[in-house]
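Notes for the one structure printed next.
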Amino acid sequence: MITVKRVQLPVLALLAMVAVLLFTIPRQLINHYLFVRSAIALVDRVDIEWMGYTSQKVVALTFDDGPDPRYTPAILKILAEYKIPATFFLVGTNVRRHPELVRAEIAAGHQVGNHTLSHPHLRRLTLPQIEKQIAATDRAIAEAAGVEPLLFRPPYEELSENILAASRLARKKIVMSTITVEHHVLPTPQQKANRVAKMVFPGAIILAHDGRVNRTDTVAALPEIIRALQAKGYRFVTLTELLQHNR
Ligand SMILES: [Zn+2]
């Protein structure tokens with residue numbers, strides 16, 4: 001009896017281990033598979049971009065929070081001087097106040113996107129409230145310049161289930177950014193430009209601002225940034241061109 005027990009114990013232990021493996025490993029694999037599947041489904045279902053998938057030295061310049069008569073005309077002038085296209089993510093209330101600036105952006109060949117009506121923290125709003133923010137901005141832009149923006153950037157680049165759902169319902173492509181121009185620790189335009197030039201890579205989406213608060217520094221840094229990136233062999237394109245190979 002003792003010998004049988006001696007044989008049985010390791011066998012039982014082995015069987016127990018096999019049983020544990022059989023029950024745990026497949027479950028982990030299944031869970032992993034389901035997680036990956038749902039993540040892919042989410043990304044696939046919601047049109048959202050952080051960069052252009054390209055090996056070419058192209059970048060997109062984007063300006064949020066305008067139009068603002070203090071900064072937008074100066075930025076348009078610089079972009080015209082360097083013959084560079086950009087994309088402006090417009091705040092609806094500013095569009096209503098300064099429709100002529102939206103028309104100037106479109107006339108100069110720039111692209112416009114939706115950046116909500118009043119620049120709220122969308123994570124704190126309900127789905128219908130977010131939908132209203134997007135729809136009212138679309139209407140303001142249509143009334144100002146006769147175009148419908150296909151791109152949407154949530155203020156503060158916040159994301160939530162409701163933000164994704166509202167964007168999808170409005171048939172927008174969400175565009176986030178990869179490098180921000182404004183940096184409060186860097187005082188001079190040249191330092192800001194050096195930072196952007198150091199961080200840049202093919203397909204990067206550069207975020208700058210032309211409204212809401214004092215953007216004098218951004219306007220001052222813009223020519224430096226353009227020159228620094230051009231010196232590295234980069235070409236500026238609209239977001240639509242930058243994102244054309246993404247899917
Ligand atoms: Zn903003």
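Residue indices begin at 1 and follow the sequence shown. All ligand and atom numbering here is 1-based and tracks the order in the structure.
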*Within the 6.0 Å centroid threshold, strictly below: Tyr156 and His121*: yes

*Under 3.5 Å, is there a donor-acceptor pair between the Thr116 and Arg153 side chains?*
no

*With distance as the sole criterion, is a donor-acceptor pair present between the side chains of Asp138 and Asn114 under 3.5 Å?*
yes

_Metal site the Zn ion (ligand 1): N/O/S of His115 inside 2.8 Å_ = yes

*Taking just the N, O or S atoms of Asp65, which one is nearest to the Zn ion (ligand 1)?*
OD1

*State plainly whether the residues Asp65 and Arg215 are in salt-bridge range, i.e. N to O under 4.0 Å.*
yes

*asked:* Counting backbone and side-chain atoms alike, is an N, O or S atom of Asp64 positioned under 2.8 Å from the Zn ion (ligand 1)?
replied: no

_For the Zn ion (ligand 1): the N/O/S atom of His119 at shortest distance_ = NE2

